[in-house]
S.K.: 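Take this structure, written in structure tokens, and hold onto it; I'll ask about it next.
All of these numbers come straight from a predicted model, not from anything done at the bench. All chains are named by letter (A, B, ...) in the order of the sequence lines, taking the proteins before the strands, and each is independently numbered beginning at 1.
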Number of protein chains: 2
Amino acid sequence: MAVSRRRQVASDIGLSKQRVVVEAVRLADREGVDGLSMRRLAGELGAGAMSLYHYVANKEELLDAMIDVVFAEIELPPEDTDWQSAMRRRAVSARQVLARHPWAISLMESRTSPGPAHLRHREAVTACLRRAGFSVLMATHANWLLDVYVYGFALQAASLPFDTAGEFADMAEDVFLPQLPPEEFPYLNESAAALVAAGYDPAEEFFFGLDLVLAALEPLRGSA
Amino acid sequence: MAVSRRRQVASDIGLSKQRVVVEAVRLADREGVDGLSMRRLAGELGAGAMSLYHYVANKEELLDAMIDVVFAEIELPPEDTDWQSAMRRRAVSARQVLARHPWAISLMESRTSPGPAHLRHREAVTACLRRAGFSVLMATHANWLLDVYVYGFALQAASLPFDTAGEFADMAEDVFLPQLPPEEFPYLNESAAALVAAGYDPAEEFFFGLDLVLAALEPLRGSA
DNA sequence: ACAGATTCCGTACACCGTACGAGCCCCGCT
DNA sequence: AGCGGGGCTCGTACGGTGTACGGAATCTGT
């Protein structure tokens with residue numbers, strides 16, 4: 001009884017902002033953002049709910065920190081290739097990260113302050129574009145467009161109930177087509193049927209738009 | 001005391017799903033989606049909280065219905081012009097609608113079933129593209145890309161603390177530039193300064209990407 | 001006039017974020 | 001050695017949430 005044992009629970013070395021935020025991300029991955037409550041998170045860390053507030057001012061700050069963890073996971077554009085390959089790699093990485101943390105997309109809308117990892121990322125992307133010969137204005141346009149594409153795609157993809165060609169085919173035949181009578185929705189009906197027949201793979205969709213956007217930006221290098 | 005007066009409060013003719021959903025949209029516009037609670041909404045309608053559950057199975061269904069109200073506000077692509085003008089009009093309309101109902105963007109991620117107005121809208125867009133000569137596959141690509149652009153832009157714009165050129169200049173000078181020391185963020189610092197000097201207007205950004213995407217899609221008409 | 005359906009809502013329960021303040025432990029000072 | 005203070009932990013409590021349940025009031029058809 002004389003032994004000093006401050007932490008007796010599952011947690012190993014005591015809390016820290018880092019540990020709190022990382023566990024919050026893990027919990028959100030597992031249960032969705034709705035399943036993330038301060039009490040639940042504290043339980044996961046083997047602590048009392050109010051203990052968390054020593055490391056985070058409030059839940060908003062926790063969510064901000066979680067978003068920045070997500071940004072830190074996105075690969076920075078490599079410096080040793082042409083700008084298109086670099087932007088392509090970072091877009092693909094961002095897509096993977098957002099697929100791993102789907103809750104992040106719904107949080108982006110509400111968080112307005114960038115966070116350090118977010119800023120470092122923007123700096124690297126802007127550097128890549130400027131070095132490739134884009135003007136300040138064109139680099140801004142390109143930055144916007146690429147971000148819009150990546151986040152917009154993730155947003156759209158998150159609200160779809162299929163990810164693979166097989167899942168799409170199943171959903172289309174069992175759910176969509178019955179809901180799309182040809183009299184009311186001739187074109188959607190035609191599309192759904194034709195896409196299933198052609199073995200349409202929604203996972204490929206990302207690259208179509210990405211490559212189209214990259215190609216369309218190329219001629220703008222060097223222009224004002 | 002013998003007079004029959006069932007509804008004595010501000011509400012005029014009694015409840016209905018329509019009235020509940022419309023008032024919910026109004027409340028969300030006014031107070032944000034966090035300010036929308038069943039009790040609050042009921043109060044706004046001059047009713048008890050539990051009365052709402054006669055018209056809506058649960059809050060999720062209410063949110064679904066609200067999203068569909070938003071979709072119904074988006075202009076359908078006009079049929080009497082070329083496809084680019086039609087798509088441009090509907091994109092601009094969607095942007096306006098989403099700016100009017102910013103809460104809608106954060107809801108889209110979580111709602112997975114389309115809703116009638118959403119379906120009607122997709123049918124009209126697909127019809128426009130197919131009639132313009134896009135194949136089923138290309139129309140699907142174009143549909144995705146345009147939606148990704150519109151929703152992605154709205155998502156991005158919602159998380160920025162400025163809308164106009166003046167607000168951007170103020171924020172950049174008072175907030176961004178002090179946070180972007182030139183040693184750590186040379187390119188972002190340069191960009192912020194140059195954009196302010198050039199009178200950069202973020203409201204114009206929408207059209208750059210939109211027109212670029214439309215132009216890049218044009219040559220794909222008629223291809224497989 | 002009465003029966004049944006429709007509409008409304010008061011109460012209650014489990015959960016949420018978090019303000020407040022009491023306890024605990026460790027450290028440095030006298 | 002004793003003590004005071006500061007960092008950390010957390011129990012309790014308050015006002016909010018979504019909604020299950022059951023009762024009451026009204027409307028409708030006979």
S.K.: Quick one: list whatever passes side-chain hydrogen bond (donor to acceptor under 3.5 Å, both in side chains) with B:R39, sequence neighbours left out.
M.R.: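 Checked B:R39 against side-chain hydrogen bond (donor to acceptor under 3.5 Å, both in side chains); zero matches.
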S.K.: For residues 170-191 of chain B, which residue pairs qualify under salt bridge (charged side-chain N to carboxylate O under 4.0 Å, His left out), counting only residues two or more places apart or in two chains?
M.R.: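 For residues 170-191 of chain B: A:R130-B:E190.
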S.K.: Can you measure B:L41 atom CG to D:dT17 atom P for me and round it to whole angstrom units?
M.R.: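 Result: 12 Å.
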S.K.: If the condition is side-chain contact (heavy atoms from CB on, under 4.5 Å), which residues does B:V148 pass it with, not counting sequence neighbours?
M.R.: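 Residues passing side-chain contact (heavy atoms from CB on, under 4.5 Å) with B:V148: A:Y149, A:F153, A:Q156, B:W144.
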S.K.: Check B:G199 against B:A165 and note the closest heavy-atom contact, atom names and distance.
M.R.: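 Shortest heavy-atom contact: O-CB, 4.2 Å.
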S.K.: Mind calculating the distance between CE (B:M38) and C1' (C:dG10) to the nearest angstrom?
M.R.: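 Going from CE in B:M38 over to C1' in C:dG10 covers 16 Å.
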S.K.: Could you check which residues of residues 53-62 of chain A get a heavy atom under 4.0 Å from DNA chain D? Sort them by number, please.
M.R.: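 Hits under 4.0 Å, by residue number: A:H54, A:Y55.
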S.K.: Using only side-chain N and O atoms of B:R39, determine if any of them is under 4.0 Å from OP1 or OP2 of D:dT17.
M.R.: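 The answer is yes; a side-chain N or O of B:R39 sits under 4.0 Å from OP1 or OP2.
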S.K.: Would you kindly give the CG-to-P distance between A:L52 and D:dC8, to the nearest whole Å?
M.R.: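 About 14 Å, once rounded to whole Å.
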S.K.: Can you check whether A:L36 reaches A:M66 side chain to side chain, under 4.5 Å on heavy atoms?
M.R.: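 They are in contact (side-chain heavy atoms under 4.5 Å apart), so the answer is yes.
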S.K.: A:R19 has an atom CZ; how far is it from atom P of D:dT9, in whole Å?
M.R.: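 Result: 10 Å.
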S.K.: To the side chain of B:M50, which of D:dT9, C:dT18, D:dT19 is closest?
M.R.: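 Out of D:dT9, C:dT18, D:dT19, the nucleotide with an atom closest to B:M50's side chain is D:dT19.
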S.K.: Without decimals, in angstroms, what is the distance between B:D34 CG and C:dG17 P?
M.R.: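 Taking atom P of C:dG17 as the reference, CG of B:D34 is at 12 Å.
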S.K.: The criterion is side-chain hydrogen bond (donor to acceptor under 3.5 Å, both in side chains); which residues satisfy it with A:E61, sequence neighbours excluded?
M.R.: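 By the side-chain hydrogen bond (donor to acceptor under 3.5 Å, both in side chains) rule, A:E61 matches A:K17.
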S.K.: Given D:dC8, is OP1 or OP2 found less than 4.0 Å from the side-chain N or O atoms of A:S51?
M.R.: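 No.
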S.K.: Just how far, in rounded Å, is C1' of D:dT9 from CG of A:L45?
M.R.: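 Going from CG in A:L45 over to C1' in D:dT9 covers 13 Å.
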S.K.: Under a 3.5 Å cut-off on both pairing distances, which runs of 3 or more consecutive Watson-Crick or G-U pairs involve DNA chain C?
M.R.: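 Stems (3+ consecutive pairs) listed as C:1-30 with D:1-30.
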